[in-house]
Amino acid sequence: MDRSKWFILATGLIIGAIAAVLVKLGNPPNMGFCIACFERDIAGALGLHRAALVQYMRPEIIGIVLGAMLTSLFAGEFKARGGSATFVRFVMGIFMMIGALVFLGCPLRDVLRMAGGDYNAVVGFIGFVCGVATGVFFLKRGFNLGRSEYSHSNAGGFILPVIFLIFLFFLVKGVVFNPDAGGPLFFSAEGPGSKFAPLGISLVAGLVVGFLAQRTRLCLSGGIRDFILIRDNYLLLGFLGIFIGALILNIAFGFFKPGFADQPIAHTMSVWNFLGLYLVGLTATLLGGCPLRQLILSGEGDMDAAAVVFGMIVGAAFAHNFMFAASPQGVGIYGQIACIVGILVMFWLGFSFREE
Amino acid sequence: MEKVDVRGLSCPMPVLKTKKVIDSGAKEILVVGTSQVSKENVTKLARSHGYEVIMKVDQKDSWEMELRK
């Protein structure tokens, strides 16, 4: 195995281990990291949805973006770019979030849930693999969202990181604009949103993951995609590392509880666990990267990826305001419809954006 | 020499487009691209198919490589 493969395997192990430690320090169970859940919490913290249990300005997300930005600046890879079907990507981000909230987690949390013994996550994983395979089907038939262009100014690439920096300032300073109603940031008094590791540790954890993921190009949908497409297992090793790293520490901390029932922040409706991550896998493959990879790219100046990130935040607001999001009790009828609609929209886009 | 233009394309399009030309049996291919990620991925693909990779232009935001077999 060459050096780069050892490096991405080590990256996975570190990320998995950090995730377990963050849970130990206060993050919700099996949720050391979850890009979708944390962006959903951020949507709540900004008052974009009114689900009182899931509101927190997650420093991990801010850290990942800033970590990727700093790393790419030092590596000379930071470059503002965009213009590849930006609004289509925004809408795809909305549906990627809806899929993730039907399952209750992004692909990264899926791995962490599996490492915590949650069998429902295995069902989701199978759905994810099938979704990626469907995306590959479209890619092989010439699906392409178009070329992006380098911008003559790097300013656009800094907008998303600066927005997150302002959110971090609000969080650290505890800024209050409206003493009666709260805001600019809202915080959960109970539920997953009220569970978090100390701010500084979460931020540093995010920075470390942003650095490692930027260097290794870690991507969970990419891992499965590259293996199906060209039998390349490089990115898949990162996936494996996260699983092993989290599994070892979960067992050590006593977090590992195998089974389907009573898993934390999860439901047992297998069809929707499968279809939720199927939608995420399909959308991520068409977008060229999973939710984590979109965050990293947006830190590198990719304005199309920034549109996906904000699409996901808006998607979280829709998901909770319109009752699409699942709860531990399961997925409601509106969530089921939204998930099916999302899959149909991706099929339509998959066919429509063929080049030849 | 066959030319493949992967400038501004997101993953995994650069690899797919190059692979198509490789699979057609071309012995000499010129690939032009922009991102470092696509450079790494196309290089990896070409080497795994037994091509020699010669960098013609190697800048942070633009590169050109010749693949020879």
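In the text below, chain A, chain B and the rest are named by the order of the sequence lines, each starting its count at 1.
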Q: Under a 3.5 Å distance rule, please check whether Lys79(A) uses its side chain to pair with a backbone N or O of Ser35(B) as donor and acceptor.
A: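 Checking the backbone N and O of Ser35(B) against the side chain of Lys79(A), no donor-acceptor pair under 3.5 Å is found.
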Q: Looking at Gly288(A), Gly222(A), Ser148(A), which has the largest count of heavy-atom pairs under 4.5 Å with chain B?
A: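 Greatest number of close heavy-atom pairs with chain B: Ser148(A).
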Q: Side-chain contact, heavy-atom cut-off 4.5 Å: Lys20(B) with Lys140(A)?
A: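 Lys20(B) does not reach Lys140(A) side chain to side chain.
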Q: Tell me the closest heavy-atom pair linking Arg147(A) and Val6(B), and the distance in Å.
A: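 Minimum heavy-atom separation between Arg147(A) and Val6(B): NH1-C, 3.7 Å.
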Q: If you count heavy-atom pairs under 4.5 Å with chain B, which of Ser4(A), Gly83(A), Gly76(A) comes out on top?
A: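 Heavy-atom pair counts peak at Gly76(A).
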Q: Between Glu149(A) and Arg7(B), is there a salt bridge with N-O shorter than 4.0 Å?
A: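 Glu149(A) and Arg7(B): not salt-bridged.
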Q: As a quick check of understanding, evaluate side-chain contact (heavy atoms from CB on, under 4.5 Å) for Arg217(A) and Gln36(B), giving each step before the final call.
A: CA-CA 10 Å; Arg217(A) 331 297 191 192; Gln36(B) 290 298 303; 4.1 Å; yes
Q: Does Lys56(B) have more than 12 heavy atoms from other residues, nucleotides or ligands lying within 6.0 Å of its NZ?
A: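 No.
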Q: With respect to Pro12(B), which candidate in Ile230(A), Val136(A), Leu229(A) satisfies the side-chain contact (heavy atoms from CB on, under 4.5 Å) definition?
A: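 Among Ile230(A), Val136(A), Leu229(A), the one meeting side-chain contact (heavy atoms from CB on, under 4.5 Å) with Pro12(B) is Leu229(A).
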Q: Is Ser48(B) close to chain A through its backbone or its side chain, or both, or neither, when contacts mean heavy atoms under 4.5 Å?
A: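 Neither part.
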Q: For Arg225(A) versus Cys11(B), what's the shortest heavy-atom pair and its separation?
A: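 That closest heavy-atom pairing would be NH1-CB, 3.7 Å.
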Q: Going from OG on Ser84(A) to CG on Leu9(B), what distance comes out if it is rounded to the nearest 0.5 angstrom?
A: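 Spacing of OG (Ser84(A)) from CG (Leu9(B)) equals 8.0 Å.
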Q: What are the two closest non-hydrogen atoms of Leu139(A) and Met13(B), and how far apart are they?
A: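 Closest approach of Leu139(A) to Met13(B), heavy atoms only: CD2-SD, 3.9 Å.
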Q: Given side chains that start at C-beta, do those of Lys17(B) and Glu355(A) come closer than 4.5 Å, heavy atoms only?
A: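 The answer is yes, as the side chains (C-beta and beyond) meet within the 4.5 Å cut-off.
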Q: About how many Å separate CD of Glu40(B) and OH of Tyr234(A), when rounded to the nearest 0.5 Å?
A: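 Going from OH on Tyr234(A) over to CD on Glu40(B), the span is 7.5 Å.
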Q: Find the one option among Asn41(B), Val37(B), Leu45(B), Thr34(B) whose heavy-atom pairs under 4.5 Å with chain A are most numerous.
A: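 The candidate making the most pairs under 4.5 Å is Thr34(B).
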Q: Please look at Gln214(A) and chain B and tell me whether the side chain, the backbone, both or neither of the residue comes under 4.5 angstrom of a heavy atom of that chain.
A: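 Neither the backbone nor the side chain of Gln214(A) comes within 4.5 Å of chain B.
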Q: What is the minimum heavy-atom distance between Lys44(B) and Asp232(A), and which atoms define it?
A: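 The answer is NZ-OD2, 3.6 Å.
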Q: Determine whether Arg81(A) and Ser10(B) make a side-chain contact, defined as any pair of heavy atoms from C-beta on separated by less than 4.5 Å.
A: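 SC-SC contact between Arg81(A) and Ser10(B) ruled out.
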Q: Can you tell me which portion of Ala305(A) sits under 4.5 Å from chain B's heavy atoms? Options are side chain, backbone, both or neither.
A: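 The answer is neither part of Ala305(A).
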